[in-house]
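Per chain, numbering begins at 1; letters A, B, ... match sequence-line order. Nothing here was measured: the structure is a model prediction, and the numbers come from that model.
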There are 2 protein chains.
Amino acid sequence: MNTGAPRATIERLCRYQQVLAQLERERVETASSADIGRLAVTNAAQVRKDFSHFGDFGRRGVGYSVSELRARLRAILGTENERTVVIIGAGNLGSALAGYPGFEMRGFRVVAIFDNNPAKIGHWVEGLRILPLSDLATVAAEQRIDIAVIAVPEAAAQAVADQVVEAGIKAILNFAPVYIQVPADVGARTVGVTCQLEYLSYFLAQSQGSSEAEES
Amino acid sequence: MNTGAPRATIERLCRYQQVLAQLERERVETASSADIGRLAVTNAAQVRKDFSHFGDFGRRGVGYSVSELRARLRAILGTENERTVVIIGAGNLGSALAGYPGFEMRGFRVVAIFDNNPAKIGHWVEGLRILPLSDLATVAAEQRIDIAVIAVPEAAAQAVADQVVEAGIKAILNFAPVYIQVPADVGARTVGVTCQLEYLSYFLAQSQGSSEAEES
DNA sequence: CAGTGTGAAGCGCTTCACAGCT
DNA sequence: AGCTGTGAAGCGCTTCACACTG
């Protein structure tokens, strides 16, 4: 056992969750590290090493109990109890995220959606009424908000992030194509859709000159 | 100079592009590696090392020409000429992506959007008519398609990916929460929105017990 | 004997430190 | 004098190999 889990391990934990969810749907009760490795596009040694950072999960000669492992991963990731999410920006992207079915399934609940555009405020998206962004602090004071998702245009992203921090929210998922600055006690991740396309473009440029392989 | 650029370097190239775009808007003509490092949330040495994989871009004692550097990065990433993109799945997410302004700005053009739902086919999204997925092969035969974006439900993702591969498209950006299997000559990346939330949840779980720092 | 848990080796990326231009 | 370009050192993650266990 060990306490300090590598950042890379945490990023893989999510893949394992996906794989385990799939196995559970297929009524598989036990899986070996080799099984999990194949499905999660890694290898058996990596799987075992990753789990070993958090304790002994498996039975030797048998493998891992799918349901037990899922529960353990949820505990590690802190999603055993529901996490609350607010979405800021009720444009196309924000609306799409508000209705994304994957959130509920994995323990995240969208509790509010905000926008600054008076034409949108008061309208309904996926069962949520669009609130003015100025209400953010009030909403955050009334209930615990775990994560804020920023889905506003690039130009507004930093200002919105500042308001989020001001409201006492400690984690931000940013979809605007700009790196936002936050205090060290706030977690922030930026999802760069364009970056993914550019990476693929690089892959294409490489494999056009000389045949090469690649897998995500 | 060198040919084999580390994967990690390629992933940072995109950040540099964002930073350079910002500097260009601010009419800055020259930037040092220290400037770029600060804006892109890395350090000066990393910036110089990254660029050194592709040649000598800067002038000693001065820094880098913003516009020249941008052009160089575009050439490396293969986005100097427009890349064509098709979107598969005209749900909320697919529609949001079709209208995402960041694509055009960075050299990606959405040329078609597909869906399997007869109720959607023929309707218009962001100036594009929704086509039946069965037309994919025909469209791909008529014009070069660089990248396919998969924005369909989890259950359909692998089948759609197979059709994309069949149509001869060599790069896939997948938004479904499942790892798709593709041949080695096809590039595939999965954007896991839920994974990002889970990473943030882990961050929250860590910093609740003992105060810790973190930055994306 | 099948499959986990883990020290140790291997490898790739990051950081350092400084020589070399301008 | 200032800043780039780069070998070399340092560090963290991955892979290996095997002892250990049900």
* Quick one: side-chain hydrogen bond (donor to acceptor under 3.5 Å, both in side chains) pairs with a partner in residues 87-103 of chain B, sequence neighbours left out? -> none
* Counting only heavy atoms not in B:E29, do more than 12 sit closer than 6.0 Å to its CD atom? ->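 No - once you tally the heavy atoms of other residues, nucleotides and ligands closer than 6.0 Å, there are 12 at most.
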* Any side-chain N or O of A:S33 under 4.0 Å from OP1/OP2 of C:dT4? -> yes
* If only side-chain N and O atoms of A:Y64 are considered, is one of them under 4.0 Å from the OP1 or OP2 phosphate oxygen of C:dG5? ->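 Affirmative; the distance criterion is met.
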* Looking across every strand, which nucleic acid part, if any, lies under 4.0 Å from B:F51 by heavy atom: base, sugar-phosphate, or nothing? ->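 The residue B:F51 makes no contact with any strand.
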* DNA chain D: A:N43 or A:R59, which has the more 5' nearest nucleotide? -> A:N43
Sequence neighbours left out, cut at 3.5 Å: what donor-acceptor pairs do the side chains of residues 105-114 of chain B make with other protein atoms?
from: B:R106; atom 1: NE; to: A:E198; atom 2: OE2; distance (Å): 2.9
from: B:R106; atom 1: NE; to: B:Q17; atom 2: OE1; distance (Å): 3.4
from: B:R106; atom 1: NH2; to: A:E198; atom 2: OE1; distance (Å): 3.4
from: B:R109; atom 1: NE; to: B:E82; atom 2: OE1; distance (Å): 2.7

Which of these nucleotides, [options], is closest to any side-chain atom of [X]?
X	options	answer
B:D56	D:dT4, D:dT6, C:dG5	D:dT6
A:R48	D:dT4, C:dG7, D:dC18	D:dC18
B:A45	D:dT15, C:dC13, C:dC16	C:dC16
A:A8	D:dT6, D:dT14, D:dT15	D:dT14

* Electrostatic pair A:R144-A:D146, nearest N-O below 4.0 angstrom ->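 A salt bridge links A:R144 with A:D146.
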* Distance (rounded to the nearest 0.5 Å) between A:C195 SG and B:Q18 CD ->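 It comes to 5.0 Å.
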Between protein and nucleic acid, restricted to nucleotides 19-21 of chain D and to nitrogen or oxygen atoms under 3.5 Å apart, what atom pairs and distances do you find?
from: D:dC20; atom 1: O2; to: A:R60; atom 2: NH1; distance (Å): 3.1

